[in-house]
Amino acid sequence: MRIVTWNINSLRLRLKLLERLGEELRPDIVCLQETKVPDELFPDEAVRALGYAHIQHRGMKSYNGVAILSRVPLTPLDDTPDWCARSDCRHIAASFALGGASVELHNFYVPAGGDVPDPEANPKFAHKLAFVDEATSWFTGRPSRRTILVGDLNIAPLEQDVWSHRQLLDVVSHTPPETTRLQAWLACGFVDAMRHFVPPEEKLYTWWSYRNRDWKASNRGRRLDHVWVTSDLTASLQNMTVLRDARDWPTTSDHVPVAMDFSA
DNA sequence: ATGGTCGGTATCCGA
C-alpha cells in the first residue's frame, strides 16, 4: 500500500502532472493540498480516468482545497471540526482497509502564516498557531490507534529540515513558536514516519521556493510536507520516497510528492 | 539587505 502526499498548487492546471505521478510512483492513495478548485468544478472524470475510482474532495474558490484520490474504497470521516470556524477546506479524512483492519487517514493543509512571525502584528500567523493548537487538542482527545496523518503542515520542525537553521529561525515555517507547536501535535501519539527512514542529522526537504533562479544549485529547501503514523503502524512502514525529480517537471508545484509504503 | 516567482477568474492577494 503506497500513500502519496503532494501540495499540487492547482489541480486543474496540473492534471498531466498528476498522471505522471501515477506513472512514476503507482500510488494506491494520493492526498492533495492546494487543489484550488471548488467542489462543483472538481475534475472527477479526469481523475477517475487515471485509475482513482474513490475520490473525496473539499474545495473552495481560489484558495486552499484538499482531496483524497484512491484506488481502494474509502469511508468518509465526517466528525471532523471546522478548524478555527473558517470553513476553509484545509482538512479531509477517510478510513480504508489495510491488512484486513481499518486505518484512519487525515490530509491537512495548515495555514502558511504570512510573512511576519508575530501573532499580534500578523493575523495570518495567529491563525496558523491557533490552527495547530486546535488540531493538537482534537487529536489529544482521540484514541491514537491505526492513524496516518499527511499533508502540507507548512512547518519545518527540525534543524536539518531547513537549509540553514540559523538563518531561518525568524522566518515563518521554522520559528520556535511553530516548531514547538508542531512537536506538541506530533506528541499526541504520532511518529514522524519520514524521519523513521532518514536520521535527523541528515538534510531532508520537500519544498523549494519558486523564487530561486536555480532551485537545485542553491538548494535552499525546507521540509514542509509530512507523513505521521501512530506508533502501532511503525512496524508496517516499508519505504519512503521524496520525489525530488518532480521539482524539475515542466511548470510543476514548488512542493514535491512524498510516498510512504506500508505492508498489509 | 533585498528581491526574487508562481496561481487564481486576478490588474491584488496569498503563498
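So that the names make sense, note that chain A is the first sequence line, chain B the second, and so on, each numbered from 1. No experiment lies behind these values; they were computed from the predicted model shown.
Seen from the ring of A:Y52, A:R71 counts as a face-on cation partner, given the 6.0 Å and 45° thresholds. Note that A:R222 lies outside the cation-pi zone of A:W207, set by a 6.0 Å cut-off to the ring centre and a 45° limit from the axis.
Between A:R213 and A:L11, the residue anchored closer to the 5' end of DNA chain B is A:R213, taking for each the nucleotide with the nearest heavy atom. Of the two residues near DNA chain B, A:P111 and A:S10, the one whose nearest nucleotide lies more 5' is A:S10.
Straight-line distance between the C1' atoms of B:dT11 and B:dC6: roughly 16 Å, to the nearest whole Å. If you take atom P in B:dT5 and the same atom in B:dA10, they sit 23 Å apart, rounded to whole Å. If you take atom P in B:dT9 and the same atom in B:dG4, they sit 25 Å apart, rounded to whole Å. Nucleotides B:dG8 and B:dG3 place their C1' atoms 22 Å apart, quoted to the nearest Å.
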- Query: Should A:Y109 and A:E34 be marked as a side chain to side chain contact (heavy atoms under 4.5 Å, CB included) after you check the CA-CA gap, both sets of side-chain angles, and the distance that decides it?
  - Reply: CA-CA 7 Å; A:Y109 174 53; A:E34 280 205 271; 3.2 Å; yes
- Task: Evaluate the criterion side chain to side chain contact (heavy atoms under 4.5 Å, CB included) for residue pair A:N154 and A:K128; output intermediate values, then yes/no.
- Result: CA-CA 9 Å; A:N154 265 317; A:K128 182 179 199 174; 3.9 Å; yes
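Evaluated for a side chain to side chain donor-acceptor pair (under 3.5 Å) with A:Q33, the options A:D152, A:N7, A:T5 yield exactly one hit, A:T5.
Under a 4.0 Å N-O distance rule, the pair A:E23/A:R20 does not qualify as a salt bridge.
Taking every nucleotide of DNA chain B with any atom under 4.0 Å from a non-hydrogen atom of chain A, the first and last of them, 5' to 3', are B:dG4 to B:dA15.
Put simply, A:F139 and A:L129 are part of two different groups of oily side chains (I, L, V, M, F, W, Y) that touch within less than 4.5 Å, one to the next.
When heavy atoms are screened at a 4.0 angstrom cut-off, A:R220 is found touching no nucleic acid atom at all.
In the model, A:E178 has a side-chain atom that pairs as donor or acceptor with a side-chain atom of A:T175 under 3.5 Å.
Side-chain contact between A:D44 and A:H57: present, with at least one pair of heavy atoms (C-beta onward) separated by less than 4.5 Å. Inter-residue side-chain proximity for A:D88 and A:H127 is flagged as met; some heavy-atom pair is nearer than 4.5 Å.
Between A:W138 and A:H91, the ring planes lie perpendicular to each other; the angle is over 60°, past the 30° to 60° tilted range.
Within residues 247-257 of chain A, no residue has any heavy atom closer than 4.0 Å to DNA chain B. Near-neighbour residues of DNA chain B inside residues 150-163 of chain A, defined by a heavy atom below 4.0 Å, are absent.
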